[in-house]
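Worksheet: one structure, shown below.
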Amino acid sequence: MTELRAIERVGFVGLGAMGGGIARRIIDAGHTVVGWNRTKGKADDLLAAGMGWADTPREVAAQCDVVLTMLTNTAAIEGSAHGDDGLLAGLRPGTVWADLSTIAPDASVALSEEVAATGALYLDTPVSGSPATLAAGQMSVMVGGDRAAYDHVEKLLQAIGPKVTYIGPNGHAILTKVAINLSLVVSVTAFAEAVTLVEKAGVDRAAVVDAALKSVIASPVIGYRAPLLVDDDTVYADVELQQKDLVLAQELGRRLGAMVPTCSAASEMLSAARSSDLADRDFLVSVADVYRRAAGVTP
């Protein structure tokens, strides 16, 4: 195996709400970071905090010993990887590329093979959580790929969040993330359904939310999302972004011949939520709006 490069510079591609927050934690942990984002203005705060700037993903890879990516979907990752200005063109032997995004498992495995051809190593390292859990230092990271590469970057990943778990070979972490997000969306959709049901019966919505947060269903995701049904002030993930994960699960189920009925039902609700006037809000708010309109509940 190629000798891994000492971690002197960390590259970061994708500095949106989540990526920017992760990059900030890495800077705060004392690492030298060089970043790139399609819209440079989104990185102004990071640049003011000392982050370096590269004009292309290729330049990020050429300058850095570890590269982290956090982009919206499979197409965005593949777009940043390929072409004359892509990451693959700049990777050097011994570099580790850790992709924090949630993308199609097959595409992730294929990308790991392309990275290996450059002498670098690729890890699928999807994260679980939201900007709220990131800010609280409770983000979790799953890792798939070469064990030695994982050991090499484990401390760096712990700057993102304390819960870092090695899952197995390339693709296994992203598969695990698909499973987790399937469960997340189904549980949040069911919560919207349940609240609307008793709200239709006359129970105060805020009281239901308060009781739920004190009950056995108060998981972390319900904990930070349920209050949005009372005070809609944050968007953790909108319908389009969250449904992407359900589509990945449905495609995986079809390929494997495995049933995903609750996933499919939740995906149908998210499809309906695209027509909501609140489709730009957090997906819980959008789905709850669909349930309320169907039940004749006044918002």
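Worth saying up front: this structure is predicted, and the values here are computed from it rather than measured. We count residues from 1, following the sequence as given.
For K177 (side chain) and S128 (main-chain N/O), no donor-acceptor pair under 3.5 Å exists by modelled atom type. Between the side chain of S187 and the backbone N or O of S183, at least one donor-acceptor pair lies under 3.5 Å. In this structure, H152 contributes its side chain and R5 its backbone to a donor-acceptor pair below 3.5 Å. Without hydrogens or angle criteria, D282 side chain to Y236 main chain gives a donor-acceptor distance under 3.5 Å. Side chain of K244 to main chain of T102: a donor-acceptor pair is present (N/O by atom type, distance under 3.5 Å, no hydrogens or angles). At least one donor-acceptor pair closer than 3.5 Å links the side chain of R58 to the backbone N or O of D84. In this structure, the side chain of S101 engages the main chain of L71 through a donor-acceptor pair within 3.5 Å. Judged by distance alone, with hydrogens and angles left aside, the side-chain atoms of T39 form no donor-acceptor pair with the main-chain N or O of G41 at under 3.5 Å. Listed for the R25 side chain is a donor-acceptor partner under 3.5 Å among the backbone atoms of A159. Looking only at distances, no side-chain donor or acceptor of S108 sits under 3.5 Å from a matching main-chain atom of A104.
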task: Go through the steps for R255 and D106 under the test salt bridge (Lys or Arg N to Asp or Glu O under 4.0 Å), then give the verdict.
output: CA-CA 11 Å; R255 180 166 65 82; D106 288 353; 3.3 Å; yes
- request: Kindly determine whether T32 and E8 satisfy side-chain hydrogen bond (donor to acceptor under 3.5 Å, both in side chains), including the steps that lead there.
  value: CA-CA 7 Å; T32 299; E8 297 179 358; over 6 Å; no
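A tilted orientation is assigned to the rings of Y150 and Y166, their planes being inclined by 30° to 60°.
A 6.0 Å sphere centred on CD of E240 holds no more than 12 heavy atoms belonging to other residues, nucleotides or ligands. More than 12 non-hydrogen atoms from other residues, nucleotides or ligands lie less than 6.0 angstrom from CD of E154.
Side-chain contact between I103 and D99: present, with at least one pair of heavy atoms (C-beta onward) separated by less than 4.5 Å.
Separation of atoms CG (N37) and CE (M51) is listed at 8.5 Å; rounding is to 0.5 Å.
Using a cut-off of 4.0 Å between Lys/Arg side-chain N and Asp/Glu carboxylate O, D65 and R9 are scored as not salt-bridged.
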